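Report on the structure given below.
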There are 2 protein chains.
Amino acid sequence: MFKKPECDDCLTRTKSCFVHLVNEDIIELNENKVCTLYKKGQNIFYEGSKPTGIFCLNKGKIKITKIGIDGKEHIVRIVMVGDLIGVRALIGGRNYASSSTAIEDSIVCYLNKHTFLKFIIKYPKMAHSLMTFLSHLLEESDYKMGSLALKPVRERLAESLLYLNNKFKPDFDLQNQNIHQINSLSREELANLIGTATETVIRLLSEFKKDKLIAIKGRKIFLLDIPKLKKVANIIE
Amino acid sequence: MFKKPECDDCLTRTKSCFVHLVNEDIIELNENKVCTLYKKGQNIFYEGSKPTGIFCLNKGKIKITKIGIDGKEHIVRIVMVGDLIGVRALIGGRNYASSSTAIEDSIVCYLNKHTFLKFIIKYPKMAHSLMTFLSHLLEESDYKMGSLALKPVRERLAESLLYLNNKFKPDFDLQNQNIHQINSLSREELANLIGTATETVIRLLSEFKKDKLIAIKGRKIFLLDIPKLKKVANIIE
DNA sequence: TTTCTTATATGATAATTATCATAGGTAGTT
DNA sequence: AACTACCTATGATAATTATCATATAAGAAA
């Protein structure tokens, strides 16, 4: 079991579009939401199904995936604490175009469509937050698309390590540690994230290790030389 | 020269988020907009620059592109008549992440940020339209990303031909023609759209031609067998 | 039309990446 | 602890795709 999060003192809420709610609406949000603990590997929703509300990630990590004809998986994005899941489908009035799966034990809060839309209409600022949120998702998707189209696997892998490190940083900063570690994704998932084969990822990681860019301990990957990784990733700043 | 389009009877406007405007606001829109004719190949804005307003495509076709380190171009999407351009950057408060270039002679209307944001605040429905618009862009980007990650070039090419044919259909339907023709993109642009080399596209098109899937007349590509193309593209419906 | 430039086409070859096979580790379970 | 299942690792090989070279054709301009 797990402790159901309370909206009024939820840090996650204050980072999301629900930050604009006040007083009784926070209470309504809290009363209407349904929180669920998804164990690692469990699905939140499936590609092709119809959204009935939206999800907010309170704890853990979620992968958003598409499945190809031959059953191969592509990870569209990784969802971090505070992000909403399923906005695009609900707002766009479409079925889910991808599935979502917990890659760590995760607490996910669900809010029904009716209440969500009511809040959007009542709070214009919430609509603006959602536009901004969608804009950022689009920017990330277009960036990733560009990498897939323009960069070879080696560069994409270095890029994804840096990207994940940035995403996961808050986890470590909370513990006041200065480590750069990636451990939530298997090699296969890393491959599915950058659109290549598992063996190719493993091989390239071995090379990165030989070149002292990273260290490997089991499934854990430690980033040792971030500047050099950026060079390998062909990232200019 | 060209005739400046008038907003009040503009079909393009009624397909966009500006459909919600009424009376004096339509007049204000009309008076504030600046329309420009971009000849084929001319740029509307550049990756990295700061948006000062939004653009609406009244006539023609625009490509949205990113440039890789080595100068290679990737076409993120093709913009059709009635679509807004630059929404993501303006709403997200970011610089342009991609450039835009006319691939046909195009008339583009520009509206300054101030007036645009004023309208969004005045018309909540316009905000909702924009959310829906962003949602659709995101769905398309995620779909394209999935194709790049999961599908080999051959499938992506067949897919893009079908995609472009659907996009360009209205052009022909207006003339009551039942032809399926793609002629606005060069082979190089087709390659940049699907993330491969120009020669690879040319080779695969030759194969498609040999297999009677398409016919080729100069730069023009005619789709002869759409069902078979769908099979090649691995599209299920 | 003729010329000039650019795009398309095709072959040869190299580089990248995927697939198949198999061995060795790791972590979870009884 | 020992068993089991799965994940990581590495080699060998095949398939895909890119690059370079060059010929031909198409379209733009004089």
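Model, not experiment: these values are computed from the prediction. Side chains are part of it too, since the values below use all heavy atoms of this structure and drop only hydrogens, waters and symmetry mates. Chain A is the first sequence line, chain B the second, and so forth, proteins listed ahead of strands; every chain is numbered from 1.
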Take atom [atom1] in [X]; do more than 12 heavy atoms of anything else shown fall under 6.0 Å from it?
X       : atom1 : value
Y46(A)  : OH    : no
K220(B) : NZ    : no
I69(A)  : CD1   : yes

Does T198(B) place a side-chain N or O at less than 4.0 Å from the phosphate oxygens OP1/OP2 of dA7(C)?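 For dA7(C), neither OP1 nor OP2 has a side-chain N or O of T198(B) closer than 4.0 Å.
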For dA9(C), take OP1 and OP2 only and decide whether either is under 4.0 Å from a side-chain N or O of R203(B).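 So the side-chain polar atoms of R203(B) never come under 4.0 Å of the phosphate oxygens OP1 or OP2 of dA9(C).
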Which part of the nucleic acid does L205(B) contact within heavy-atom distance under 4.0 Å: base, sugar-phosphate only, or nothing?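 It contacts nothing in the nucleic acid.
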Under a 4.0 Å threshold between the charged nitrogen and the carboxylate oxygen, would D105(B) count as salt-bridged to K39(B)?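 Answer for the salt bridge query: yes.
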In plain terms, say whether R77(A) and E140(A) are close enough for a salt bridge, that is, a side-chain N and a carboxylate O under 4.0 Å apart.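 A salt bridge is absent here (no side-chain N lies under 4.0 Å from a carboxylate O).
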Using modelled atom types and a 3.5 Å cut-off, is there a donor and acceptor pairing between side-chain atoms of K167(A) and backbone atoms of I78(A)?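 Such a contact is found between K167(A) side chain and I78(A) backbone.
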Ring geometry between F45(B) and Y96(B) (parallel below 30°, tilted from 30 to 60°, perpendicular above 60°):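 Parallel: the ring planes of Y96(B) and F45(B) meet at under 30°.
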5' to 3' contact window, DNA chain D with chain A (heavy-atom distance under 4.0 Å):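 Result: dT8(D) to dA12(D).
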Send over the distance from R187(B) CZ to dT10(C) P, rounded to a whole Å.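 Atom CZ in R187(B) sits about 11 Å away from atom P in dT10(C).
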Looking only at heavy atoms, which two atoms of I75(A) and K144(A) are closest? And how far apart?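 Result for this residue pair: O-NZ, 2.8 Å.
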For nucleotides 22-30 of chain C, 5' to 3', base contacts (B), sugar-phosphate-only contacts (S) and non-contacts (-) with protein non-hydrogen atoms under 4.0 Å give ---------
Residue mapping more 5' on DNA chain C - nearest nucleotide basis, K209(B) or K72(A):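 Whichever sits nearer the 5' end wins; that is K209(B).
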Tell me the bend of the helix from dT1(C)-dA30(D) to dT30(C)-dA1(D) as the angle between end helix axes, each from five pairs, rounded to the nearest 10 degrees.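 For the helix from dT1(C)-dA30(D) to dT30(C)-dA1(D), the axes at opposite ends meet at about 50°.
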